[in-house]
Amino acid sequence: MKTSGTGPVKKKLSIIGRIMLFLVFPSVIGSLGVLAAYLNLGASVSASAQSPINLDRDFIYPFTLTLVAVIVVGFQTNGYTTTERKPLLKWPKVVRTKTIVRKKVIAEDCDFKSKTTGRKKTRKED
């Protein structure tokens, strides 16, 4: 993030970067899924265990999952303008409350001592 005299200026992702991020990267991941299915097809020993390459299972699912991951990271980084991620949902902070217990103590006439002097108080000194 660059700063100028008036305030912070956010650096945006270029058009080529967006095309690479939203189309090329998920396409490469989907192609790797098709390649893995093709290699699995050639590696199977028996003909009955072979399953044909399915475009939905082998290309579309990895493409879609990668595209969703790119979109979620884009939301968290405010459109790829910051390096710090922000959560999608902000949880409320827990506020701790202190419990105050107030007890009323009734003392009899000459049964308690003063905390400062250490001698017994009488009713007339209060």
List the atom of Pro62, the atom of Arg57, and the distance in Å for their closest heavy-atom pair.
CD-O, 3.8 Å
Rounded at 0.5 Å granularity, tell me how far CG in Leu41 sits from CD1 in Ile53.
5.5 Å
I need the Leu32 CG to Leu39 CG distance, nearest 0.5 Å.
10.5 Å
Side chain to side chain contact (heavy atoms under 4.5 Å, CB included) for Phe63 and Ile29? Distances and angles first, verdict last.
CA-CA 6 Å; Phe63 178 87; Ile29 299 299; over 6 Å; no
I'd like a table of donor-acceptor pairs (distance under 3.5 Å, sequence neighbours excluded) in which one partner is a side-chain atom from residues 15-22, with atom names and distances.
from	atom 1	to	atom 2	distance (Å)
Arg18	NE	Leu13	O	3.2

When you measure from the side chain of Asn40 to the backbone N and O of Ala36, does any donor-acceptor pair fall under 3.5 Å?
no
Would a single hydrophobic cluster contain both Tyr61 and Leu67, if residues Ile, Leu, Val, Met, Phe, Trp and Tyr are joined by side-chain heavy-atom contacts under 4.5 Å?
no
Does Ile60 belong to the same Ile/Leu/Val/Met/Phe/Trp/Tyr cluster as Ile71, with side-chain heavy atoms less than 4.5 Å apart forming each link?
yes
Same cluster or not: are Phe75 and Phe25 linked, directly or through other Ile, Leu, Val, Met, Phe, Trp or Tyr residues, by side-chain heavy atoms under 4.5 angstrom apart?
yes
